Amino acid sequence: MKKPFVTLPQLEEIVQQYPTPFHLYDERGIRENARRLKAAFAWNPGFREYFAVKATPTPAILKILREEGCGADCSSLTELMMAQRCGFGGREIMFSSNDTPPEEFRLADQLGAVINLDDFTHIDFLNKTIGHISETICCRFNPGGVFSIGASEEGFQVMDTPGESKYGFTRAQLFEGFPKLKAMGAKHFGIHAFLASNTLSNEYYPTLAGILFQLAADLHADTGCDIQFINLSGGVGVPYRPDQPANDIQAIGDGVRRKFEEILVPAGLGHVSIYTELGRFMLAPYGCLVTRATHEKHIYREYIGVDACAANLMRPAMYGAYHHITVMGKEDAPCDHKYDVVGALCENNDKFAVERMLPKIDLGDLLVIHDTGAHGFSMGYNYNGRLRSAEVLLKEDGSAALIRRAETPEDYFATLVW
Ligand SMILES: *Cc1c(COP(=O)(O)O)cnc(C)c1O
């Protein structure tokens with residue numbers, strides 16, 4: 001059973017001040033999870049999580065993560081600017097982008113960020129753009145083909161197809177690129193890869209680590225380049241469905257350690273730092289979308305209309321993603337009603353739930369849509385003239401703070417030329 005991190009009495013107080021819909025975040029959950037991740041990789045002295053800013057680009061959240069020792073993984077100009085304003089600087093910023101505009105390389109360089117190159121041709125592009133090659137540089141690897149990790153005991157199968165993805169260098173390009181970068185002034189190197197997303201298997205990171213550690217050992221032996229870090233990127237998932245088991249981050253850290261000791265240590269690379277760029281794992285379970293039932297409709301199906309829509313949470317419409325729903329105050333009521341829970345967009349895929357068994361919903365009920373803390377608010381958009389919601393932080397002391405106000409019509413009209 002999935003339980004909201006907020007109670008009905010707490011929510012009733014919060015909605016007095018901040019009307020629905022809004023995204024609510026759980027400071028305690030965020031901090032405790034960040035500490036578990038750190039503990040799982042404590043065996044690696046240089047370990048650092050660079051939070052994927054695109055998952056939840058909200059300063060209050062970024063500052064909490066920075067206090068927990070995380071860096072920021074940015075992918076665009078505005079994300080770099082936000083990270084800087086939140087106090088991240090120098091090696092605390094990873095810049096992992098693709099199809100990169102020149103001004104973004106310029107700002108990343110000015111901030112002293114670690115630049116993660118997406119392509120062989122970006123070596124010359126970067127050199128031309130900033131006038132040199134950074135002393136520390138990272139390259140993204142794409143092994144091509146199909147990446148799969150065997151079914152775990154839970155029976156999950158993770159498959160992705162790097163051969164169809166637009167990212168990264170080929171293996172041959174890395175063996176050519178590293179010496180080229182070195183000749184242009186690079187002194188310290190990192191290797192990055194992102195091969196599968198939202199994995200629910202403790203084997204994903206260890207499997208990826210095995211591939212990257214062997215690649216690092218080969219590159220080191222072949223080119224003599226100083227490999228300083230391996231960036232395992234994002235992809236560790238969360239159980240969106242109540243029947244899915246969660247990843248065990250301690251087991252994941254231990255699995256990466258075994259590969260480290262098996263491959264990197266014998267290759268003389270025991271000093272290498274492990275980096276991660278998790279987004280979903282860091283935030284998804286510690287955010288929820290709070291919305292209210294505003295209409296009910298009885299036609300060929302039973303519909304509950306709520307005051308949030310896909311513009312506030314795109315994942316169900318875009319990917320058919322499952323997000324669990326709790327009808328607040330009815331946690332123990334039987335799920336004996338079958339509903340489509342829908343928003344107001346003029347798009348029939350604007351459904352948070354399709355034929356979902358839920359307790360009887362009455363107008364005015366508060367609904368918590370779970371696991372929206374990552375790739376939730378941030379994927380919002382303004383279709384149908386819908387406005388972005390507020391974001392509220394449930395602090396460790398139980399109080400609530402507004403961390404982003406809701407958009408107003410003035411915001412929506414601000415860019416128009418009449
Ligand atoms: C999106 C992204 C991440 C975070 O992915 P999650 O699945 O949220 O962990 C990390 N690194 C890069 C380069 C990304 O594009």
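Since this is a predicted model, take the numbers as computed values, not measurements. Ligands are counted one by one from 1 in listed order, and the atoms in each one are counted from 1 as well.
Here F229 and Y275 bring their ring centres to under 6.0 angstrom of each other.
Using a 4.0 Å cut-off to heavy atoms of G279, the atoms of ligand 1 that qualify are 4 (C), 6 (P), 8 (O), 9 (O). If you number the atoms of ligand 1 from 1 as listed, the ones under 4.0 Å from a heavy atom of S233 come out as 10 (C), 11 (N), 12 (C). Close approach of ligand 1 to R140 (heavy-atom distance below 4.0 Å) involves ligand atoms 13 (C). Taking every heavy atom of D73 and a limit of under 4.0 angstrom, the matching atoms of ligand 1 come to 10 (C), 11 (N), 12 (C).
With 3.5 Å as the limit, one finds a donor-acceptor pair spanning the side chains of N33 and Y286. Judged by distance alone, the side chains of H323 and T372 never bring a donor and an acceptor atom under 3.5 Å apart.
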Run the numbers on F178 and F189 for ring-ring contact (aromatic ring centres under 6.0 Å, His included), then give the verdict.
CA-CA 8 Å; F178 271 41; F189 291 78; 4.6 Å; yes

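In terms of polar-atom proximity, defined here as any N/O pair under 3.5 Å, K54 does make such a contact with ligand 1. Between R280 and ligand 1, at least one N/O pair is under 3.5 Å apart.
With contacts defined as side-chain heavy-atom distances shorter than 4.5 Å, the pair R31/I64 qualifies. Put simply, the side chain of Y204 does not reach to within 4.5 Å of the side chain of L232, judged on heavy atoms.
For R48 and Y50, the positive end sits near the middle of the six-membered ring, less than 6.0 Å away and at most 45° from its axis. Relative to the ring axis of Y322, R356 places its NZ or CZ within 45° and under 6.0 Å from the centre.
For A52, every heavy-atom contact with ligand 1 shorter than 4.0 Å involves the side chain, none the backbone. Only side-chain heavy atoms of F194 come within less than 4.0 Å of ligand 1; its backbone N, CA, C and O stay farther off.
E277 OE1, 2.7 Å is the protein heavy atom nearest to atom 11 (N) of ligand 1.
Heavy-atom distances between A374 and ligand 1 stay at or above 4.0 Å for every pair. Taking a 4.0 Å cut-off on heavy atoms, G235 registers as neighbouring ligand 1.
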